[in-house]
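As the structure is a computational prediction, the values presented were derived from the model and not from experiment.
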Amino acid sequence: DETSGVASDKYYLYHPSLDAKGSFSLPSVDELRSVEWKDWNGALSLTEDQQTVVYQRIEDKAGNVTYVNTSGAILIDNTAPSQPQITFNSQASANNVFAGNVSTTIRVEDQVSGGTYSGLNTVTVEVFNGSTVSQSQTFNVGLREDRVKAFSTDFTIDAGLNNSNSITIRVTSVDWAGNTSSSEQKLSIDTVAPRIEIVWDSNDGRQGRYYNRNRTATIHIYERNFNPNATSINIQGGNAQISGWSVSGDGTDNSVNTATVTFAEDGDYTFTVNSTDLAGNSAQLFTIDKTVPTINVTWDKQLVNGKYVAGTRTATITVVEHNFSASGFTADIKAALESQGIPAPSVSGWSSNGDTHTATLTFSSDGDYSFNLNFEDLAGNRSNSYSENEFTIDSTNPAIEFDGVVDGSSNKGDVRPSVKFSDRNYDKSGITLRLKGYRHKEVVVTGSYSETAQGGVITLDNFPHDADVDD
């Protein structure tokens, strides 16, 4: 003060609210008059965590007072964010081994210290397969002036890139003051099911199965996370000696784990091996099937004249096959009536009794039918094709019409009755014409026969004009 000179010089530290950002409120002049001021000694050092606006109060000897303050707040943050939290959302096996992609949730929070925090700048997620970075992603949390206090995100560990027992996920957070914090978790991912291999010491038995000496099977299970407690050797047909497991620890999916089974007693043996690894992956069972399926068809009605059936006819189809699937059965059915296609019937659902599987195929509509049946089992073995030659369903009675006379009439002069018959499957040899009267039990008639498209016409000769013929 050039006029009266400075009487006093004091300072006051104002702390804005914890989450203040951008433009924030400052004390009014009246509020500044009532705060507690400290004497200024020429220097001020701020080192502790805080967010502060520094005010200076200058009073001259005439009692005039001036207030000045720093532009904005001074923010001091020496405290790192809290350790990032990594939560596994995917279900691991009971042995804490994952069998596929691993879903995680990442949570980070900037810690409050001294009534302040600078806010999160970046969060980086890295996945290490051994010492190699297999995945990396950096999230820009917010701008400096946003002062983002907390951040969370979902992140998926890719099993295809990290199929290993040496996986580390590391999360590093950096706040706007440059403080860093990190955390990591280790895990194992195993996407490969155990592979079972059986090697015999001899395969030269008679007829491929009869041996006159001991026989030993060496079981190799290729699996990185082999679990002897989840591996079973099941033997049927007699007793065998099973060794303990020799477990490999080379850490690869080709780690070989070995046991032997020795068959030393007489018996007809079969045995199976099943294994589930620590991730819950199960070895796939396999089946050897070289047996050709068989198809057989039986009928509820036999054919008449080698081709014809009156009424409904049902075929019972029998397939004998151990590895049966209805999807492997095909039926090619041809159906026609007077050379025009008609809807063909369908095979019913299948019923099974052990290796015997049956279905029915019913023909109920008039028509000419034939079919071919084929079957392929789950191993790809194909049955011999079954073919049924054409047969005819005919449930329609022949039609008969009389002409030349009227029922119940009396006739004189020329009398030449005719009989017309029709049927799509007519048989000329099956035509029988009998003439009977009140006075004549049965007489022999003569006449002519002519063919029609689906039958024929018989025209009788004129009745003789004799009284003994009258009836």
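The aromatic ring centres of F88 and F98 sit less than 6.0 Å apart. Taking the six-membered ring wherever Trp is involved, the centroid distance between the rings of W200 and F271 falls below 6.0 Å.
The pair R424-D366 meets the salt-bridge criterion, with a side-chain N (NZ, NE, NH1 or NH2) lying under 4.0 Å from an Asp/Glu carboxylate O. Of the charged side-chain nitrogens involved, at least one lies within less than 4.0 Å of a carboxylate oxygen, so that E390 and K307 count as a salt-bridged pair. Between K21 and E145 no salt bridge is recorded (no basic side-chain N to carboxylate O distance below 4.0 Å). The pair R144-D146 does not count as a salt bridge, with every side-chain nitrogen at least 4.0 angstrom from each carboxylate oxygen. Note on R213 versus D204: salt bridge recorded, some NZ/NE/NH1/NH2 to OD/OE distance being below 4.0 Å.
Side chain of Q51 to backbone of S17: a donor-acceptor contact under 3.5 angstrom is found. Within the 3.5 Å criterion, the main-chain N or O of D77 finds a donor-acceptor partner in the side chain of N179. With hydrogens and angles disregarded, no donor-acceptor distance shorter than 3.5 Å links the side chain of H220 to the backbone of T218. Although no hydrogens or angles enter the test, the distance criterion places no donor-acceptor pair under 3.5 Å between the side chain of T276 and the main chain of G280. At distances below 3.5 Å, not a single donor-acceptor pair connects side-chain atoms of N353 with backbone N or O atoms of T356. Checked by atom type and distance alone, the side chain of N374 never pairs as donor or acceptor with a backbone atom of S383 at under 3.5 Å. A side-chain donor-acceptor contact under 3.5 Å links T231 to the backbone of N227. Looking only at distances, no side-chain donor or acceptor of E184 sits under 3.5 Å from a matching main-chain atom of V171. Of the possible polar contacts, one joining the N257 side chain to the E223 backbone as a donor-acceptor pair under 3.5 Å is found. Remark: the backbone N or O of T314 is paired with a side-chain donor or acceptor of D300 at under 3.5 angstrom.
Note that OG1 of T104 and CG of L187 are 9.5 Å apart. Values are rounded to the nearest 0.5 Å. Note that CG of N121 and CZ of F151 are 11.5 Å apart. Values are rounded to the nearest 0.5 Å.
The residue from I74, V53, L46 that alone fulfils the side chain to side chain contact (heavy atoms under 4.5 Å, CB included) condition with L13 is L46. Of the options L373, T318, T316, a side chain to side chain contact (heavy atoms under 4.5 Å, CB included) to V297 is made by L373 and by none of the others.
A cation-pi contact, defined as under 6.0 Å to the ring centre and within 45° of the axis, links R313 to F391. By the 6.0 Å and 45° rule, K149 stacks over the aromatic ring of Y117.
Using modelled atom types, one finds a donor on one side chain and an acceptor on the other under 3.5 Å when comparing N225 with N165.
D266 CG: 12 or fewer foreign heavy atoms inside a 6.0 Å radius.
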